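Below, chain A is the first sequence line, B the second, and so on; all start at residue 1. A quick note: this is a predicted structure, and the numbers were derived from the prediction, not measured.
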2 protein chains.
Amino acid sequence: MISLSPASTIKTAVTCANCNLDNLCIPKGLPRSEVGELGLLVSRNNMCQKGGAIYHAGSPFRGIIALRSGSVKLVSLDSEGNELVVDFILPGELLGFDGLANDRHNCTAIALETVNYCHLPAAKIEILATQTPGLSHVLLQRSCSQFDAQVQKMMLHRRSADARVACFILHISDRLKQRGYAEMEFRLSMSREEIGNYLGIAHETVSRIIHLFQDRDLIEIKSKQLKIKNKKELFDLFATTTPNSPSQGT
Amino acid sequence: MISLSPASTIKTAVTCANCNLDNLCIPKGLPRSEVGELGLLVSRNNMCQKGGAIYHAGSPFRGIIALRSGSVKLVSLDSEGNELVVDFILPGELLGFDGLANDRHNCTAIALETVNYCHLPAAKIEILATQTPGLSHVLLQRSCSQFDAQVQKMMLHRRSADARVACFILHISDRLKQRGYAEMEFRLSMSREEIGNYLGIAHETVSRIIHLFQDRDLIEIKSKQLKIKNKKELFDLFATTTPNSPSQGT
DNA sequence: AACAATTATTGATCCAGCTCAAGTTTTTTA
DNA sequence: TAAAAAACTTGAGCTGGATCAATAATTGTT
């Protein structure tokens, strides 16, 4: 528990308007004028320990979450209690949309390491929508982006295990880059098991492929620390036509 | 081309307020008072022939579509031009959300038979959102439902081919029922190829499983005409624990 | 620092479903 | 209504990746 620096009493407290994630988080695409208003309603500096849940599947929708630091896995449970890793959320990204459809979460959000997050309460969203019409649109866009991401994931499921792992590495790299982190060297905060679950392959296969990539000098892996050594070839591998014959449709 | 009954000149023209799909389409969950307003902005009675595209991937987002009759497949194309069937849309359901994230469609919507649809123009959505705050929320809910549906689809990808086909049949049945159609006997408007593509299995496998189900007296199939004879057993098949060992997580 | 628990690696075997192939039926077009 | 095209069925063999198994490396705990 961090009990230092009570942000609320400091004059230059972080708000949406001056947050370093302001053009990635909710405000991205939101008119400057509306960011201030948003800032007043967001609850900041919430914490969750590694392994803890930010929200549980089945619990009522409490609002949209913006990750400030740390990463999260979004999991769904089937009838037998098997976990499906739906997505990984990185700092600066939003989560919670799985609760909007029927005011109850379909997924559980679990911290992969200690996370710090902001929280836009559900009750305020609709109220806010009237005053700041841009917000509705931004939220709608974000929620649709989630859909798009899932479509991309489906596309990936037609490719070989190699291609999936290559794509996964490149995708994480890309997202980190966008958020100002190193794109060629980073820590995978999720386990092989979680990666495999997410990609739809066995964790043994993930391990094998990661080491195959290392043998081919495409990456360097030491436990969870990853270094990309040949981005182009990784990309080629991902783009290579491994699946069934290319059927040209009209 | 149907040139009879110019609806606009008939006094009792169909609007959202008196449409027979009113509690399935956009108005579902929308306050009665706002339905009237919506009705004024929707373009009705648009047609698209079998095989035609309602919109193309890459084209600018023009609005949300509500299917009145006929069904549609939503496809995405990978870099090599291979088709991925993302979803099937049935009468009374909405489509177009794949265009909201960045004002350009990510998917192509193709009519599986002649379709009739309503169209809520993009330009009007944001304007309308200010006047009828409920609309934003409804749209947000719908778009998130799409996300949920994709998560369900991902779950399905961990199951055996049999379970996927069983689930597919039950899912279509359920959606048709909700819309007032017969739930135990209906026409599959999509080809085996499209079903297989959607489910991530070869079309030969779809065919084999459908006939296996018929041999077991679970269904009766004649070309595209399907009759469910044993819903319970189909459901059990879908719910049966085929995948990897049940790991109980904390 | 030593122990325990979790997570990762690596090998060997096996099978669900893919691919290829060759008819058959249904649908479309002329 | 017949011919052509498209969609569907059914068989046979092959393989990518799952599963099982046994060790090794991390990570967390006392």
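At the heavy-atom level, B:Gly196 lies nowhere under 4.0 Å from the strands shown.
Partners of B:Asn116 according to the side chain to side chain donor-acceptor pair (under 3.5 Å) rule, which considers only residues two or more places apart in sequence or in another chain, are B:Asn45. Remark: B:His157 pairs with A:His157 by the ring pair (Phe, Tyr, Trp, His ring centres under 6.0 Å) rule, at least two apart or across chains. Here B:Glu93 pairs with B:Ile89, B:Leu90, B:Arg175, B:Arg179 under the side chain to side chain contact (heavy atoms under 4.5 Å, CB included) rule; sequence neighbours left out. Residues forming a ring pair (Phe, Tyr, Trp, His ring centres under 6.0 Å) with A:His211 (at least two apart in sequence, or on another chain): none. Partners of A:Phe238 by ring pair (Phe, Tyr, Trp, His ring centres under 6.0 Å), not counting sequence neighbours, listed by chain and number: A:Phe235.
Atom C1' of nucleotide D:dG16 and atom NE2 of A:His157 are separated by 15 Å, given to the nearest angstrom. Taking atom NZ of residue B:Lys222 and atom P of nucleotide C:dT27, one finds them 9 Å apart after rounding to whole Å. Rounding to whole angstrom units, CZ of residue A:Arg164 and P of D:dG16 are separated by 14 Å.
Environment of NE2 in B:His119: crowded, with over 12 heavy atoms of neighbouring residues, nucleotides or ligands closer than 6.0 Å.
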Output one line per pair: protein atom, nucleotide atom from nucleotides 8-10 of chain C, and distance, for all N/O pairs under 3.5 Å.
unit_1	atom_1	unit_2	atom_2	d
C:dA8	OP1	A:Arg192	N	3.2
C:dA8	OP2	A:Arg192	N	3.1
C:dT9	OP1	A:Arg192	NH2	3.3
C:dT9	OP1	A:His211	NE2	2.5
C:dT9	OP2	A:Arg192	NE	2.7
C:dT9	OP2	A:Ser207	OG	2.6
C:dT9	O5'	A:Ser207	OG	2.9
C:dT9	O5'	A:His211	NE2	3.3

Sort me out a list of protein N/O and nucleotides 2-5 of chain C N/O pairs below 3.5 Å, or just none if empty.
none

Output one line per pair: protein atom, nucleotide atom from nucleotides 28-30 of chain C, and distance, for all N/O pairs under 3.5 Å.
unit_1	atom_1	unit_2	atom_2	d
C:dT28	OP1	B:Lys50	NZ	3.2

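End-to-end axis angle of the helix from C:dA1-D:dT30 to C:dA30-D:dT1, using five pairs per end and rounding to 10°, comes to 60°.
Screening residues 211-223 of chain B for salt bridge (Lys or Arg N to Asp or Glu O under 4.0 Å) gives B:Asp217-B:Lys229, B:Glu220-B:Lys229 as the qualifying pairs, with residues at least two apart or on separate chains. Contacts classified as side-chain hydrogen bond (donor to acceptor under 3.5 Å, both in side chains) and involving residues 50-74 of chain A (residues at least two apart or in different chains) are given here: A:Tyr55-A:Asp98, A:Ser71-A:Glu113, A:Ser71-A:Ser189, A:Lys73-A:Glu83, A:Lys73-A:Glu194.
Formation of a donor-acceptor pair under 3.5 Å by the B:Asn197 side chain with backbone atoms of B:Val85 is found in this model.
For A:Tyr198 and A:Phe88, the ring centers are positioned less than 6.0 Å apart.
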When the side chains of residues 199-206 of chain A are checked against the rest of the protein, which donor-acceptor pairs come out under 3.5 Å, sequence neighbours left out?
none

